Novice: 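After the structure tokens below, expect a handful of questions from me.
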2 protein chains.
Amino acid sequence: MVETARDDPRGRPAAERVQRPQARTTERREAVLKAAMNVFGARGYNKGALVEVAEQAGMTHAGVLHHFGSKEGLLVAMLKYRDGEEVAGVPARAQTEGPAFLQHLVDTVEENTHRRGVVQAYSVLSGESVTDGHPAHDYFQERFHILRAKIAGVLGEVSGSTDEQELIDAASSLIAIMDGLQVQWLLEPEAIDMPRILSRTIDELVDRLRATA
Amino acid sequence: MVETARDDPRGRPAAERVQRPQARTTERREAVLKAAMNVFGARGYNKGALVEVAEQAGMTHAGVLHHFGSKEGLLVAMLKYRDGEEVAGVPARAQTEGPAFLQHLVDTVEENTHRRGVVQAYSVLSGESVTDGHPAHDYFQERFHILRAKIAGVLGEVSGSTDEQELIDAASSLIAIMDGLQVQWLLEPEAIDMPRILSRTIDELVDRLRATA
DNA sequence: ACACACTTACTGACTTGTAAGTAAGTTCGT
DNA sequence: ACGAACTTACTTACAAGTCAGTAAGTGTGT
């Protein structure tokens with residue numbers, strides 16, 4: 001008994017739920033989230049309009065607001081959702097460790113070559129996120145912080161190096177290369193071979209770290 | 001005689017000039033351009049409003065449109081203007097050659113550490129530029145294309161390598177690192193030492209290329 | 001005299017968000 | 001097993017604001 005008032009009846013209900021959501025609600029919300037990826041990816045958060053998101057999800061913009069409370073709420077939910085599935089094909093939550101993780105990075109980049117929309121959404125949003133008071137600011141700040149630590153750890157394992165600063169620097173470089181290449185690739189796809197460059201860079205980086213270990 | 005209708009009476013007049021601009025016009029336009037850097041840098045192109053640009057330049061938004069014709073015209077003019085001066089302190093047009101150019105890159109990044117606004121403008125705009133039909137799309141596409149060729153050339157000179165593909169890949173990496181680091185730095189400045197990482201990367205890159213030369 | 005460098009005033013197109021209403025689903029007392 | 005009471009999942013309609021762009025006018029420099 002004790003009624004345990006579940007304050008989280010599935011997901012992150014913007015309009016506070018008291019009962020539980022209906023059967024098909026989850027998939028409807030997912031449709032909205034996917035539409036948001038499309039729209040925010042194609043036009044950016046600022047220029048992306050709720051009406052267009054709603055249209056693609058088959059409802060009105062008021063319906064979208066019913067689910068996510070505000071445009072900002074939708075963005076945040078979308079960002080979290082994206083994390084949950086990573087890139088469809090790749091195992092997502094599969095938190096690979098050690099050298100496998102570095103291969104996982106290359107695989108993901110390879111996958112991304114066939115998912116322009118995802119890459120575009122990421123590039124646009126991370127760029128926008130540095131503007132004053134952008135709703136995705138905290139998300140990207142945290143994401144980079146965690147990613148750097150994770151990659152530095154793996155690089156340490158693989159190379160045997162224990163120079164923390166150098167490991168973090170190397171991790172920062174790796175992330176920077178991946179992100180920077182995406183923008184160049186989006187603007188001139190034939191000119192940039194992302195997987196090749198990344199995999200080369202990783203090899204060099206590990207070699208360098210091993211040398212000073 | 002013959003009236004030689006000069007179709008470019010100084011600058012890029014959006015509202016087509018017939019006579020020649022007045023004395024203080026150039027500096028007024030420059031004030032607008034600088035304001036545009038501020039506003040588009042802080043808010044992005046889409047969210048940046050002409051009224052705010054105008055305010056900072058000491059006129060109304062209609063005055064800005066008088067000079068640049070449209071918001072898009074202002075952006076393009078701003079981008080060109082920025083190229084003309086690069087970063088205030090650094091010699092700008094000084095098209096350094098050879099190894100000096102690589103040092104110039106590091107110096108510029110060092111300078112940028114003290115010019116957050118410039119870095120933010122660049123990051124936001126280049127991110128936005130990949131969206132559908134963005135007015136800065138062509139600018140950044142061309143910029144990356146030229147920069148890659150330039151850097152690849154310099155790397156070839158310095159390392160002695162003649163492997164075109166490898167030189168272009170290395171150039172792409174360098175640019176990607178600089179751009180990618182900027183975003184991370186903007187989000188967490190204390191965590192990222194841009195000049196140190198860049199200069200380290202350049203050394204490694206040159207060494208690698210020299211080895212296979 | 002006439003173009004230039006603006007300003008004021010206004011329009012129209014979009015935007016996000018809210019309010020109110022409706023149909024369908026869920027829960028629960030009996 | 002049934003219906004009242006209530007929620008959820010929307011819709012239509014609207015409020016309120018923001019913004020780029022235009023038109024017409026005013027003063028000033030050459």
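As the structure is a computational prediction, the values presented were derived from the model and not from experiment. Every heavy atom of this structure was used, including side-chain atoms; hydrogens, water molecules and symmetry mates were not. Below, read A as the first sequence line, B as the second, and so on, with proteins coming before strands; counting in each chain starts at 1.
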Novice: B/V39 and side chain to side chain contact (heavy atoms under 4.5 Å, CB included): which partner among B/V53, B/V51, B/L50?
Specialist: B/V53
Novice: Between P on C/dA5 and CD on B/E27, what's the gap in Å once rounded to a whole number?
Specialist: 12 Å
Novice: C/dT16 C1' sits how many Å from B/N46 CG, rounded?
Specialist: 16 Å
Novice: For side chain to side chain contact (heavy atoms under 4.5 Å, CB included), just list the numbers for B/E142 and B/D138, CA-CA rounded to whole Å, side-chain angles, deciding distance to a tenth of an Å, and then say yes or no.
Specialist: CA-CA 6 Å; B/E142 197 191 339; B/D138 292 359; over 6 Å; no
Novice: What's the closest nucleotide to the side chain of A/A49 if the choices are C/dT15, C/dG17, D/dA20?
Specialist: C/dT15
Novice: How close or far is atom P of D/dA20 from atom CD of B/E52, stated in whole angstroms?
Specialist: 11 Å
Novice: Can you list every pair that meets salt bridge (charged side-chain N to carboxylate O under 4.0 Å, His left out) and has a residue in residues 53-78 of chain A, with sequence neighbours left out?
Specialist: none
Novice: Select base, sugar-phosphate, or nothing to describe what A/G48 touches, counting heavy atoms under 4.0 Å on all strands.
Specialist: sugar-phosphate
Novice: Report, one pair per line, the protein and nucleotides 10-17 of chain D atoms (nitrogen or oxygen only) whose separation is under 3.5 Å.
Specialist:
| unit_1 | atom_1 | unit_2 | atom_2 | d |
| --- | --- | --- | --- | --- |
| D/dC10 | OP1 | A/R28 | NH1 | 3.3 |
| D/dC10 | OP2 | A/H67 | NE2 | 2.9 |
| D/dT11 | OP1 | A/T60 | N | 3.4 |
| D/dT11 | OP2 | A/T60 | N | 2.8 |
| D/dT11 | OP2 | A/T60 | OG1 | 2.5 |

Novice: Answer yes if the ring centres of A/F140 and A/H134 are under 6.0 angstrom apart, and no otherwise.
Specialist: no
Novice: How long is the line joining CZ of B/F68 and C1' of D/dA20, in whole Å?
Specialist: 16 Å
Novice: In whole Å, I'd like the distance from the CG atom of A/L65 to the C1' atom of C/dA20.
Specialist: 15 Å
Novice: Can you name the salt bridge (charged side-chain N to carboxylate O under 4.0 Å, His left out) partners of A/E157, sequence neighbours left out?
Specialist: none
Novice: Rounded to whole Å, how long is the line connecting atom CG of B/L50 with atom P of C/dT7?
Specialist: 13 Å
Novice: CD of A/E72 versus C1' of C/dT15: gap in Å, rounded?
Specialist: 16 Å
Novice: What is the minimum heavy-atom distance between B/L187 and A/Q141, and which atoms define it?
Specialist: O-OE1, 3.3 Å
Novice: Taking atom C1' of C/dT16 as reference, at what distance in whole Å does atom OH of A/Y45 sit?
Specialist: 9 Å
